[in-house]
Asker: 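Starting off with a structure, shown below.
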Amino acid sequence: AAARAEHGWTDRFVVLFAGNIGLVQGLDTVIDAAAALPAESNALIAIVGDGTDRRRLQDAVAARGLGHRVQFLDRRPADAMPPLFAAADALLVHLRKSELSRLVIPSKTLAYLAAERPIIMAMTGAAADVVTAAGAGIVLPSEDPAGLVDAIESLRAMPPADRQAMGSRASAHLAAHFAKDVVIPGYEATLARVATGRGRRR
């Protein structure tokens, strides 16, 4: 509640993007989606972070008169992010289309799962598979402003209990599949198999 009041979010449905603001993130699509939101929507897209594309995007928001739809917040240390995640209504991942983007899971994805908020995953591939498997939000292709508007408005119209259920499933999936006591034994087993295979080839 304090974070929402501090940033003017009290009466807004806040979709938060956190992390690097560069060309690979393709946030022009997010700006286009903000412009296309219905006039009656109270949705606000908050972009938290810094990067090479931030100034250009800020100028674009100002030039298009979208200050009421897009808010930029300065980069914060990692330990200051949980209150912002908790204050948001949904959390956004977006990367430009590329062969690489299909293979990667942006690190923010795991932080978002831990935050127990619905995730809008605007990309395909491995990261989208995580959100789908968890039942933790809405998945759509990247660079799709209309699809992003639909995702935002669908979550906004959803009963709060349904959004909370998505968040609960997110944290449960994180604990089941990405916790240290799950991941590290898997790495150890894989390394042991590799080492055994090399030993046999010798």
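Along the sequence shown, the residues carry numbers beginning at 1.
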Asker: Are Leu113 and Val183 connected, step by step, through hydrophobic side chains (Ile, Leu, Val, Met, Phe, Trp, Tyr) whose heavy atoms are closer than 4.5 Å?
Answerer: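 In one cluster: no.
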Asker: Show the atom names and distances, to 0.1 Å, of all donor-acceptor pairs under 3.5 Å that link a side chain in residues 14-39 to residues at least two apart or in another chain.
Answerer:
residue, atom, partner, partner atom, Å
Asn20, ND2, Gln25, OE1, 3.3
Gln25, OE1, Gly22, N, 2.8
Asp28, OD1, Arg56, NH1, 3.2
Asp28, OD1, Arg56, NH2, 3.2
Asp28, OD2, Arg56, NH2, 2.7
Asp32, OD1, Arg64, NH1, 2.7
Asp32, OD1, Arg64, NH2, 3.4

Asker: Side chain to side chain contact (heavy atoms under 4.5 Å, CB included) between Phe72 and Leu57: does it pass, once the steps are laid out?
Answerer: CA-CA 10 Å; Phe72 288 87; Leu57 291 169; 3.9 Å; yes
Asker: Any donor and acceptor pair, going by atom type alone, linking the side chain of Arg169 with main-chain N or O of Gly135 inside 3.5 Å?
Answerer: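 Indeed, once roles are kept as given, a pair shorter than 3.5 Å links the two residues.
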Asker: When rounded to the nearest 0.5 angstrom, what is the spacing between CD1 in Ile119 and CG in Leu155?
Answerer: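 Interatomic distance, Ile119 CD1 to Leu155 CG, rounded to 0.5 Å: 11.0 Å.
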Asker: Which residues satisfy the salt bridge (Lys or Arg N to Asp or Glu O under 4.0 Å) test with Arg54, sequence neighbours excluded?
Answerer: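 Arg54 satisfies salt bridge (Lys or Arg N to Asp or Glu O under 4.0 Å) with Asp74 once adjacent residues are dropped.
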Asker: Taking all non-hydrogen atoms of both residues into account, name the closest pair between Ala151 and Leu140 and its distance.
Answerer: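 Heavy atoms only, the tightest pair is CB-CD2, 4.1 Å.
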Asker: Among residues two or more places apart or on two chains, list those pairs meeting ring-ring contact (aromatic ring centres under 6.0 Å, His included) that have a residue in residues 126-168.
Answerer: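 As it turns out, there is no ring-ring contact (aromatic ring centres under 6.0 Å, His included) pair with a partner in residues 126-168 once direct neighbours are skipped.
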Asker: State, with a plain yes or no, whether a side-chain heavy atom of Ser41 is found less than 4.5 Å away from one of Arg69.
Answerer: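 SC-SC contact between Ser41 and Arg69 confirmed.
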Asker: Could you work out the complete set of other residues in the hydrophobic cluster of Leu103, with links drawn between I, L, V, M, F, W and Y side chains under 4.5 Å apart?
Answerer: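 Result for Leu103 is none, singleton.
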Asker: Which residue pairs satisfy the ring-ring contact (aromatic ring centres under 6.0 Å, His included) criterion with at least one member in residues 122-177, sequence neighbours excluded?
Answerer: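 Of all non-adjacent pairs touching residues 122-177, those that pass ring-ring contact (aromatic ring centres under 6.0 Å, His included) are His173-His177.
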Asker: Check whether any side-chain heavy atom of Val48 sits under 4.5 Å from a side-chain heavy atom of Met81, and report yes or no.
Answerer: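 Yes, close enough: below the 4.5 Å cut-off.
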Asker: What do the steps show when you test Ile45 against Ile47 for side chain to side chain contact (heavy atoms under 4.5 Å, CB included), and what is the final call?
Answerer: CA-CA 6 Å; Ile45 299 172; Ile47 299 176; 4.2 Å; yes
Asker: Of all residues at least two apart in sequence or in a different chain, which pass the ring-ring contact (aromatic ring centres under 6.0 Å, His included) check with Phe13?
Answerer: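 Testing Phe13 for ring-ring contact (aromatic ring centres under 6.0 Å, His included), a comparison that skips the adjacent residues, returns none.
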Asker: Is the count of non-hydrogen atoms from other residues, nucleotides or ligands lying under 6.0 Å from Asp11 atom CG greater than 12?
Answerer: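 No - once you tally the heavy atoms of other residues, nucleotides and ligands closer than 6.0 Å, there are 12 at most.
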Asker: Could you go through the side chain to side chain contact (heavy atoms under 4.5 Å, CB included) check for Met121 and Ile138 one step at a time?
Answerer: CA-CA 6 Å; Met121 180 61 68; Ile138 296 176; over 6 Å; no
Asker: Return the set of residues passing salt bridge (Lys or Arg N to Asp or Glu O under 4.0 Å) with Arg156 (not counting sequence neighbours), or none when no residue passes.
Answerer: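 Glu153.
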Asker: Going hydrophobic residue to hydrophobic residue with side-chain gaps under 4.5 angstrom, can you get from Leu174 over to Leu92?
Answerer: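 No: no chain of side-chain contacts under 4.5 Å links Leu174 to Leu92.
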Asker: Can you list the residues that meet the salt bridge (Lys or Arg N to Asp or Glu O under 4.0 Å) rule with Arg4, with sequence neighbours excluded?
Answerer: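 Testing Arg4 for salt bridge (Lys or Arg N to Asp or Glu O under 4.0 Å), a comparison that skips the adjacent residues, returns Asp89.
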Asker: Considering all heavy atoms of both residues, which atom of Ala78 and which atom of Pro82 are nearest to each other, and what is their separation?
Answerer: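 In terms of heavy atoms, the two residues are closest at O-CD, 3.3 Å.
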Asker: Taking atom CZ of Arg163 as the centre, does the number of heavy atoms from other residues, nucleotides or ligands within less than 6.0 Å exceed 12?
Answerer: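 It does: Arg163 CZ has more than 12 such atoms within range.
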Asker: Roughly how far apart are Ser142 OG and Leu148 CG, rounded to 0.5 Å?
Answerer: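 So the OG of Ser142 and the CG of Leu148 are separated by 10.5 Å.
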Asker: Going by the ring-ring contact (aromatic ring centres under 6.0 Å, His included) test, which pairs reach into residues 26-53, not counting sequence neighbours?
Answerer: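 Listed once each, the pairs would be none.
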Asker: Do Arg193 and Thr196 get their side chains close enough for a donor-acceptor pair, meaning under 3.5 Å?
Answerer: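 Not at all, the side chains of Arg193 and Thr196 share no donor-acceptor pair under 3.5 Å.
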Asker: Is there a chain of hydrophobic side chains (I, L, V, M, F, W, Y, each step under 4.5 Å between heavy atoms) that links Val149 to Val139?
Answerer: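 The answer is no; the residues belong to distinct hydrophobic clusters.
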Asker: Shortest non-hydrogen contact from Ala88 to Trp9?
Answerer: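 Distance-wise, the nearest heavy atoms are N-CZ3, 4.3 Å.
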Asker: Run the side chain to side chain contact (heavy atoms under 4.5 Å, CB included) test on His7 and Leu84 for me, step by step, so that the C-alpha distance in whole Å, both residues' side-chain angles and the decisive distance to 0.1 Å come before the verdict.
Answerer: CA-CA 10 Å; His7 299 297; Leu84 278 184; 3.7 Å; yes
Asker: Return the minimal non-hydrogen interatomic distance between Val61 and Gly67, and the atom names on each side.
Answerer: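 Looks like CG1-N, 3.9 Å.
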Asker: Give a yes or no on whether Phe85 and Met166 share a hydrophobic cluster (residues Ile, Leu, Val, Met, Phe, Trp, Tyr; joining criterion: side-chain heavy atoms under 4.5 Å apart).
Answerer: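 Phe85 does not cluster with Met166.
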Asker: Filter on side chain to side chain donor-acceptor pair (under 3.5 Å), then keep only pairs touching residues 105-134, sequence neighbours left out; what's left?
Answerer: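 Residue pairs passing side chain to side chain donor-acceptor pair (under 3.5 Å), neighbours aside: Arg102-Thr124, Glu116-Ser171.
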Asker: List the atom of Asn42, the atom of Arg12, and the distance in Å for their closest heavy-atom pair.
Answerer: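 Distance-wise, the nearest heavy atoms are O-NE, 2.8 Å.
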Asker: I'd like to check the side chain to side chain contact (heavy atoms under 4.5 Å, CB included) partners of Val104; sequence neighbours left out, ordered by chain and number.
Answerer: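 Testing Val104 for side chain to side chain contact (heavy atoms under 4.5 Å, CB included), a comparison that skips the adjacent residues, returns Leu95, Leu100, Pro106, Met123.
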Asker: Listing request: all ring-ring contact (aromatic ring centres under 6.0 Å, His included) pairs with a residue in residues 22-52, at least two apart in sequence or in separate chains.
Answerer: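 Listed once each, the pairs would be none.
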Asker: Going only through I, L, V, M, F, W and Y residues with side-chain contacts under 4.5 Å, is there a path from Val131 to Ile120?
Answerer: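 Per the 4.5 Å side-chain linkage, Val131 and Ile120 are not co-clustered.
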